[in-house]
Amino acid sequence: MFKRIIYKCVGVACMSFAFTACVTPSVVERTAITSVPASYGNSQDTTNTAKVNWKDFFTDTNLTALIDTALQNNQELNITLQEIEISRNEVRARKGEYLPTIGLRSGAGLDKVARYTNIGAMEATTDIKPEREMPEPLPDFLVGAYATWEVDIWHKLRNAKKAAVSRYLSSVEGKNFMVTNLIAEIADSYFELLALDNQLAIVNQNIEIQSNALRIVKLQKQAARVTELAVRRFQAQVLHTQSLQYDIQQKITETENRINFLVGRYPQPIIRNDQAFETFAPATIHAGMPAQLLGNRPDIKQAELELAAAKLDVSVAKARFYPSLGISTGIGYQAFDPGFLLKPESLLFSLAGDLAAPLVNRNAIKATYYSASALQIQAVYNYEQTILNAYVEVANQLAKISNLEKSYELKAKEVEALTQSIDISNDLFASARADYMEVLLTQREALESKFELIETKKEQIAAYIDMYQALGGGWN
């Protein structure tokens with residue numbers, strides 16, 4: 001009676017341990033919020049410029065040639081391509097984990113046991129055949145096949161493989177996002193280079209205008225109409241403008257080298273058409289609907305795939321609390337003499353199964369589970385943040401394009417007015433109806449306004465490029 005009670009208690013304890021082993025800790029779960037506004041402002045436009053191929057969006061042949069070269073030679077892009085290859089191999093490794101492992105085994109050995117042991121004593125008194133003693137030392141030859149397989153009851157291994165697939169696809173989207181950024185960066189730098197060329201041309205024109213004014217002032221000084229102070233002020237103005245040449249030339253060199261770096265080559269002159277800056281007229285940008293960002297932006301799709309992988313990681317970590325079933329088998333021949341190796345008596349085989357579950361000290365499994373859960377929640381926030389950031393980028397660029405268009409029109413009128421004022425001030429100065437300070441200020445303001453007009457034009461072009469990038473264009 002007492003023994004029966006003990007057996008029952010032991011049975012209940014074992015069942016309690018088994019139940020406890022299969023119970024998983026509770027964690028906080030969160031679902032991603034993917035809703036976006038229905039439109040940008042009150043726009044009902046459904047056409048999306050992101051669908052336009054970059055070769056059609058950028059019509060400058062010199063620029064498209066640079067982008068083509070960069071897509072082949074850019075080192076960072078090629079590094080990313082190798083990361084994709086690594087992710088592909090990870091999928092292959094995870095796929096192999098839930099399939100049976102089969103291998104061949106062969107071996108040879110020599111064994112000498114001590115005489116005064118149980119095994120040694122038995123071998124000394126055992127004959128293999130009548131009048132044939134056991135050889136000493138004892139050779140051992142083996143040839144056979146074996147197989148092991150962990151039965152994926154809880155889909156732990158399959159989910160790990162699916163997570164690896166999601167991360168592989170995520171790395172592909174990461175490459176696409178890099179392509180989009182690379183194209184936009186090269187285009188921005190290219191038009192910045194064209195803007196610097198135009199600024200340099202304006203500086204050279206102003207140097208000529210100011211030099212002519214300096215000659216007139218020197219003649220007027222000889223005629224005692226102005227003082228040496230006026231000559232010195234005009235001379236300083238010419239020297240200041242000449243110094244701008246070298247600042248702009250340095251910026252041109254740095255911009256050319258930045259483009260060459262992105263293209264993946266050592267510094268060399270960038271072939272370009274300076275007139276392309278003035279004649280650049282970007283096509284109308286169609287933002288489409290915010291919901292289209294979910295399919296067009298590679299970074300959003302990358303975050304979505306990372307979230308899917310993180311969810312699968314939670315399932316994998318959860319399955320570690322459950323029992324695992326392993327099966328192993330083997331078959332072959334083993335004998336102490338090669339002559340007996342292939343005889344039926346030398347045949348051996350084995351078949352075994354084991355069921356194991358964690359019972360005590362599951363801290364490592366719990367930590368892995370909690371970490372996977374935290375990473376999943378982190379991936380949710382990252383996904384939401386990526387969507388929000390994409391919408392904000394598009395909204396900002398839409399406003400920027402509109403505001404820069406109005407600003408450019410006003411600055412163009414300002415430049416036109418100040419350019420005319422240069423001739424007026426020179427005529428008034430020549431007829432002694434204006435002093436030299438008015439001429440100097442007019443020339444300086446005209447030069448600054450022309451620079452600002454070029455900067456506004458450059459920002460306007462950059463806004464169209466950034467808008468194309470923000471919509472997710474360039475990679476497809």
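Between Y40 and Y391, the distance separating the two ring centers is shorter than 6.0 angstrom.
For the pair R297 and E393, the salt-bridge criterion is met [side-chain N within less than 4.0 Å of a carboxylate O]. With salt bridges taken as basic N to acidic carboxylate O contacts below 4.0 Å, one links R167 and D313. Contact check on R94 versus E97 returns a salt bridge, with a Lys/Arg side-chain nitrogen under 4.0 Å from an Asp/Glu carboxylate oxygen. Salt-bridge check for K301 with E304: failed, with every basic side-chain N at 4.0 Å or more from each acidic carboxylate O. With respect to E192 and R258, a salt bridge is recorded, a charged nitrogen being found less than 4.0 Å from a carboxylate O.
Within 6.0 Å of CD in Q245 there are more than 12 heavy atoms belonging to other residues, nucleotides or ligands. Shown here is Q385, whose CD atom has no more than 12 heavy atoms of other residues, nucleotides or ligands within 6.0 Å. Around the CZ atom of F261, the shell of radius 6.0 Å holds no more than 12 heavy atoms that belong to other residues, nucleotides or ligands.
For T47, the side-chain contact (heavy atoms from CB on, under 4.5 Å) partners two or more places apart in sequence, or in a different chain, are D45, H286. Under the side-chain contact (heavy atoms from CB on, under 4.5 Å) criterion, T101 pairs with T148, not counting sequence neighbours. Under the side chain to side chain donor-acceptor pair (under 3.5 Å) criterion, K458 pairs with E455, not counting sequence neighbours.
N382 and E306 form no side-chain donor-acceptor contact under 3.5 Å, judged by distance and modelled atom types alone.
Under the ring pair (Phe, Tyr, Trp, His ring centres under 6.0 Å) criterion, the residue pairs touching residues 190-232 are F191-F280, with sequence neighbours excluded.
Cation-pi geometry between K318 and Y369 is not satisfied (NZ or CZ under 6.0 Å from the ring centre, within 45° of the ring normal). In this structure, R105 satisfies the cation-pi test against Y146, with its NZ or CZ atom closer than 6.0 Å to the six-membered ring centre and inside 45 degrees of the ring normal.
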Side-chain donor-acceptor pairs under 3.5 Å in residues 394-403, sequence neighbours left out?
unit_1, atom_1, unit_2, atom_2, d
N396, ND2, V392, O, 3.4
N403, ND2, A399, O, 3.1

Anything under 3.5 Å between a donor and an acceptor, one on a side chain of residues 262-271, the other on a protein residue two or more places apart or in another chain? List them.
unit_1, atom_1, unit_2, atom_2, d
R265, NE, N260, OD1, 2.7
R265, NH2, N260, OD1, 3.3

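At least one side-chain heavy atom of I183 sits less than 4.5 Å from a side-chain heavy atom of F58.
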